[in-house]
Amino acid sequence: MSTSPSLNVDLHCHSTVSDGVLAPRELAARAHANGVGLWALTDHDEVSGLAPAAQAAHDLGLPFVPGIEISVTWAQQTVHVVGLGIDAANPVLKAGVADIQAGRVGRAREMADRLQGLGIADSYAGALRFVGNPNLISRTHFARFLVEQGHSKNMQAVFDKYLGDGKPACVPGSWATLAQALGWISAAGGRAIIAHPGRYHYTPVQFGALFDEFKDMGGAGIEVVTGSHSVDQYRQYADVARQYGFMASCGSDFHSPSESNKDLGSLPPLPADLKPVWHDWV
Ligand code: AMP
Ligand code: MN
Ligand code: MN
Ligand code: MN
C-alpha cells in the first residue's frame, strides 16, 4: 500500500522502562487519543517495554512498530541511533543492550559524586526514586531529582548548568560503537535511523563523515521531523536525506506531558518528496 499523506506517524518516544514518565500502555492510549495512526516505542537501550506496548496498541487497533534508541559514541560525542521494526527477542540485540546497561550504574555513581562535590547530596538515591527500571538510570532521572529539590527551575536549566554534555556533573557513558549499533539492529531485522541529527555538535566535515559511514554500514535513514528540530532544521535535514539517499523518519521524542515540548502525534508531516522509513509498512 502507498502511504496516505494524512497518516499521523510518530516513531520516537520513551516509557518508564527508560526515561519517560508514562508506562508503555499509557503511551499507546495517548498516541491513539492524539490521532497517531502508526506508532513506535523507542526506549533508550531497552526492549522490555515493547511487549506491553504491542499488546496495548493491538487492543486499540493502533498499528505498532517495535523500536529502540541505542546510545552510541562517535567522534567523542553521543549519537542516538533509532532501530525500527526490530525483533525484541533477538539475542544479539539483547546482549548488546545488556552491555550498555551494565555501564550505566557506575556512571550514575560517578555523576552523584560530582554533584556531591557541587554541594548536592544524596542524588544517587534521589535519582533512583524517579527510575522505573533499575537497569536504566539516566541523566534524565538525576535532572528530575534536581528540579524537585529546587536546584534548577526546569529540566533544560539542569542540563545547562550540571548535566549537559561537557557540564561539570556529566560523565560520558560507555556506549556502543556505530558499527555495533548497526550490527545489532540489522541482526534484529530492523532499520537504523540517526535520531535528531540537529542536536549534535559536530563540524560540517564531521557530519559528512558520520553520514557517509552510517550509509556505508547499511544505515537506512535519518529523523527529519522530530521534537528536537526547529522548522529550519526540518528543511536542513530534508536536504541531507535527499543528498545521501536516506529514508526519512518522524517522531516527537515524547518523554513526559510536563517536560516535552512536543506531544505524541503533534508533528507536521514529512516533506512529500522524501521516502518515509515506513513506506512499505503501512
Ligand atoms: P543519558 O542516556 O543518561 O546520557 O541521558 C540522556 C537523556 O537526557 C536524553 O535522552 C534526554 O532525554 C535527556 N536530555 C539530554 N539533554 C537534555 C536537555 N538539554 N534537556 C532536557 N533533557 C535532556
Ligand atoms: Mn531520553
Ligand atoms: Mn535521543
Ligand atoms: Mn529519544
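Just follow the structure's listing: the first ligand is 1, and inside any ligand the first atom is 1.
Side-chain polar atoms of H12 and E69 form a donor-acceptor pair below 3.5 angstrom.
Here H196 reaches the Mn ion (ligand 3): one of its N/O/S atoms is less than 2.8 Å from the metal. Inclusion of H44 in the first shell of the Mn ion (ligand 2) is supported: an N, O or S atom falls under 2.8 Å. With 2.8 Å as the limit, D253 does not count as an N, O or S neighbour of the Mn ion (ligand 2).
A salt bridge between D19 and R139 is absent, with no side-chain N of the basic residue lying under 4.0 Å from a carboxylate O of the acidic one. A salt bridge is absent between R129 and D122; no separation between the charged side-chain nitrogens and carboxylate oxygens falls under 4.0 Å. Ionic pairing of D280 and R191 is present here: one or more N-O contacts between side-chain nitrogen and carboxylate oxygen are shorter than 4.0 angstrom.
Closest heavy-atom approach to atom 5 (O) of ligand 1 within the set K167, H44, E69, R139: this belongs to R139. Considering each of T140, V158, D253, N154, the one bringing a non-hydrogen atom nearest atom 7 (C) of ligand 1 is T140.
In plain terms, the two heavy atoms of G37 and L62 that are nearest each other are C-CD1, 4.0 Å. Across all non-hydrogen atoms, the minimal contact from Y162 to K167 is O-CB, 3.3 Å. The two residues W175 and S71 make their nearest non-hydrogen contact at CB-O, 3.1 Å.
The aromatic ring centres of Y202 and W74 sit less than 6.0 Å apart. Aromatic rings from F214 and F246 are positioned such that their centres are separated by under 6.0 Å.
Contacts of D19 with ligand 1, taken as heavy-atom pairs under 4.0 Å, involve the side chain alone. Of the heavy atoms in H255, only side-chain atoms (C-beta onward) come closer than 4.0 Å to ligand 1. With a heavy-atom cut-off of 4.0 Å, E259 does not touch ligand 1 at all. Residue-level proximity to ligand 1 for R107 is carried by the side chain, the only part with a heavy atom below 4.0 angstrom.
Of all N/O/S atoms in E69, OE2 sits nearest the Mn ion (ligand 3). Between the Mn ion (ligand 3) and the N, O or S atoms of H80, the shortest distance is to ND1.
Vertex the Mn ion (ligand 2), arms ending at NE2 of H255 and OD2 of D19: the angle is 100° after rounding to 10 degrees.
Here the heavy atom of the protein found nearest to atom 22 (N) of ligand 1 is F159 CE1, 3.2 Å. For atom 2 (O) of ligand 1, the closest non-hydrogen atom of the protein is R104 NH2, 3.0 Å. Nearest protein heavy-atom contact of atom 20 (N) of ligand 1 is Q156 OE1, 3.3 Å.
At a 3.5 angstrom cut-off on N or O pairs, R199 does not count as close to ligand 1.
Judged by distance alone, the side chain of Q233 and the main-chain N or O of S230 form a donor-acceptor pair under 3.5 Å.
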